[in-house]
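Heads up, the thing below is written out as structure tokens.
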Amino acid sequence: MPELPEVETVRRGLLPVMEGVRIAQAETRREGLRWPFPDRMAERLTGATVQRLGRRSKYLLVDLDTDETLIVHLGMSGRMLISGHKLGKFHHEHPAPEKHDHVVFDMKNGARVTFNDPRRFGAMDLCPTGALDDHKLIRVLGPEPLGNQFDEAYLVEALRTKNSPIKTALLDQGIIAGLGNIYVCEVLFRAGIHPARKAAKISKQRVASLVPIIRDVLSEAIESGGSSLKDYRQADGDLGYFQHNFRTYGREGERCVTSGCAGQITRITQSGRSTFYCPQCQR
């Protein structure tokens with residue numbers, strides 16, 4: 001499942017071909033994905049201009065001049081692919097439609113943006129822009145980890161009474177929006193915190209130390225283009241590269257990268273997800 005860095009990387013890839021550009025033609029090639037598309041979605045999108053291309057947590061937000069916002073979730077295998085745009089110049093050559101090309105946006109500038117999703121766990125919805133914060137997918141989200149509302153005082157208070165493992169607490173989208181399994185593993189390794197420790201039992205100082213670490217890990221991943229595991233690709237089809245910087249994730253049985261540590265990375269299962277950590281470095 002793409003996490004915040006992957007979605008932010010896709011957003012940045014789409015900016016030059018979508019933001020400020022009119023959707024000349026929108027086409028839906030099935031009735032829906034994870035759930036049905038909103039009524040007349042293609043008709044409502046056709047002719048609209050993208051005023052702003054944003055992101056909230058793991059959702060792409062396409063603000064339109066029709067006072068509606070298109071909410072896009074990539075799911076497990078969704079990709080937003082660009083064609084008709086090469087080396088900063090537009091041309092009108094597009095590949096033949098593929099089996100899993102479910103939604104197509106032909107932009108006024110000649111670019112085509114295709115939502116391809118083999119597993120069909122992605123989703124799209126339309127919402128009045130003014131009511132976006134009250135949408136069922138958005139209203140449950142906590143603060144953005146790279147935003148001003150996420151700071152040491154907030155996190156200390158949010159975790160003060162949480163008796164769940166710290167790994168589970170950090171994955172709670174109501175506490176922090178956008179963090180997923182991969183990056184929580186990396187954050188806890190850098191912080192030296194065991195993933196099974198009860199969140200409420202960790203000192204305020206150590207909880208506060210998580211904030212800059214979370215920001216650093218996410219920022220590094222965004223600059224590297226996210227992580228490519230299985231289906232994820234950037235908007236231009238290229239791989240992300242942060243997976244080459246993993247210190248714990250997917251490294252079960254390998255030696256810890258911490259200088260002087262002879263430990264090996266261990267994998268456990270928490271809430272149905274794999275957790276990777278160093279038993280010697282993380283306490």
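Computed from a predicted model, the values in this text were never measured in an experiment. Note: hydrogens, waters and symmetry copies are ignored here, and every other heavy atom, side chains too, is used.
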Ignoring hydrogens and angles, tell me if any N or O in the side chain of [X] forms a donor-acceptor pair with the backbone of [Y] under 3.5 Å.
| X | Y | value |
| --- | --- | --- |
| T46 | Q25 | no |
| R22 | T49 | no |
| T129 | E68 | yes |
| T258 | C261 | no |
| T114 | D101 | no |
| D117 | G75 | no |
| Q282 | A191 | no |
| R197 | K201 | yes |
| T269 | S274 | no |
| R139 | D134 | yes |

Side chains of [X] and [Y]: does their closest heavy-atom pair fall under 4.5 Å?
| X | Y | value |
| --- | --- | --- |
| Y183 | L4 | no |
| Y277 | L188 | no |
| I71 | M124 | no |
| T66 | L45 | no |
| T266 | T275 | no |
| I175 | L170 | no |
| C278 | F189 | yes |
| R112 | S83 | yes |

message: Distance alone, cut at 3.5 Å: any donor-acceptor contact between the side chains of N116 and H102?
response: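 Not at all, the side chains of N116 and H102 share no donor-acceptor pair under 3.5 Å.
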- request: Establish, from distance only, whether the side-chain atoms of D63 and T69 form a donor-acceptor pair under 3.5 Å.
  value: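 There is such a pair (donor and acceptor under 3.5 Å, judged by atom type) between the side chains of D63 and T69.
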field: Pairs flagged by ring pair (Phe, Tyr, Trp, His ring centres under 6.0 Å) wherever residues 35-72 is involved - sequence neighbours left out
entry: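 Output for this query lists Y59-H73.
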Could you tell me the separation between the [atom1] atom of [X] and the [atom2] atom of [Y], rounded to the nearest 0.5 Å?
| X | Y | atom1 | atom2 | answer |
| --- | --- | --- | --- | --- |
| E8 | K58 | CD | NZ | 14.5 Å |
| L74 | L60 | CG | CG | 5.5 Å |
| R12 | E223 | CZ | CD | 6.0 Å |
| E186 | D216 | CD | CG | 13.0 Å |
| T28 | E43 | OG1 | CD | 11.0 Å |
| L171 | C185 | CG | SG | 8.0 Å |

- prompt: So V104 and V113, side-chain contact (heavy atoms from CB on, under 4.5 Å) or not? Walk me through it.
  reply: CA-CA 6 Å; V104 178; V113 178; over 6 Å; no
SB check R215 E144 (cutoff 4.0 Å):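 Salt bridge absent between R215 and E144.
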Where do [X] and [Y] come nearest, in terms of heavy atoms and distance?
| X | Y | result |
| --- | --- | --- |
| R56 | A177 | NH1-CB, 3.5 Å |
| P38 | L126 | CG-N, 3.7 Å |
| L141 | S57 | CD1-CB, 3.7 Å |
| L53 | E19 | N-OE2, 2.8 Å |
| G78 | F115 | CA-CZ, 4.1 Å |
| I202 | R206 | CG2-CB, 3.6 Å |

Out of curiosity, does [Y] fall in the hydrophobic cluster containing [X] (side-chain heavy atoms, cut-off under 4.5 Å, transitive links)?
| X | Y | value |
| --- | --- | --- |
| L33 | V7 | yes |
| V21 | L15 | yes |
| V72 | I138 | no |
| V17 | L61 | no |
| L137 | I176 | no |

query: For atom CZ of R30, is the number of surrounding heavy atoms from other residues, nucleotides or ligands below 6.0 Å larger than 12?
result: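 Counting neighbours around CZ of R30, more than 12 heavy atoms of other residues, nucleotides or ligands fall under 6.0 Å, so yes.
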task: List the steps, then state whether side-chain contact (heavy atoms from CB on, under 4.5 Å) holds for E254 with Q264.
output: CA-CA 5 Å; E254 297 181 27; Q264 289 187 338; over 6 Å; no
task: Evaluate the criterion salt bridge (Lys or Arg N to Asp or Glu O under 4.0 Å) for residue pair R190 and E220; output intermediate values, then yes/no.
output: CA-CA 13 Å; R190 294 192 189 189; E220 289 171 22; 2.8 Å; yes
query: Going through the checks in order, is the side-chain contact (heavy atoms from CB on, under 4.5 Å) test met by I166 and L159?
result: CA-CA 8 Å; I166 183 63; L159 298 184; 3.7 Å; yes
- request: Could you go through the side-chain contact (heavy atoms from CB on, under 4.5 Å) check for F150 and V211 one step at a time?
  value: CA-CA 8 Å; F150 181 72; V211 172; 3.8 Å; yes
message: So, using side-chain contact (heavy atoms from CB on, under 4.5 Å) as the criterion, who are the partners of E252 when residues are at least two apart?
response: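 Partners of E252 under the side-chain contact (heavy atoms from CB on, under 4.5 Å) test: R267, F276.
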query: Given N181, which of E3, K167, Q270 fulfils the side chain to side chain donor-acceptor pair (under 3.5 Å) condition?
result: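 That would be K167.
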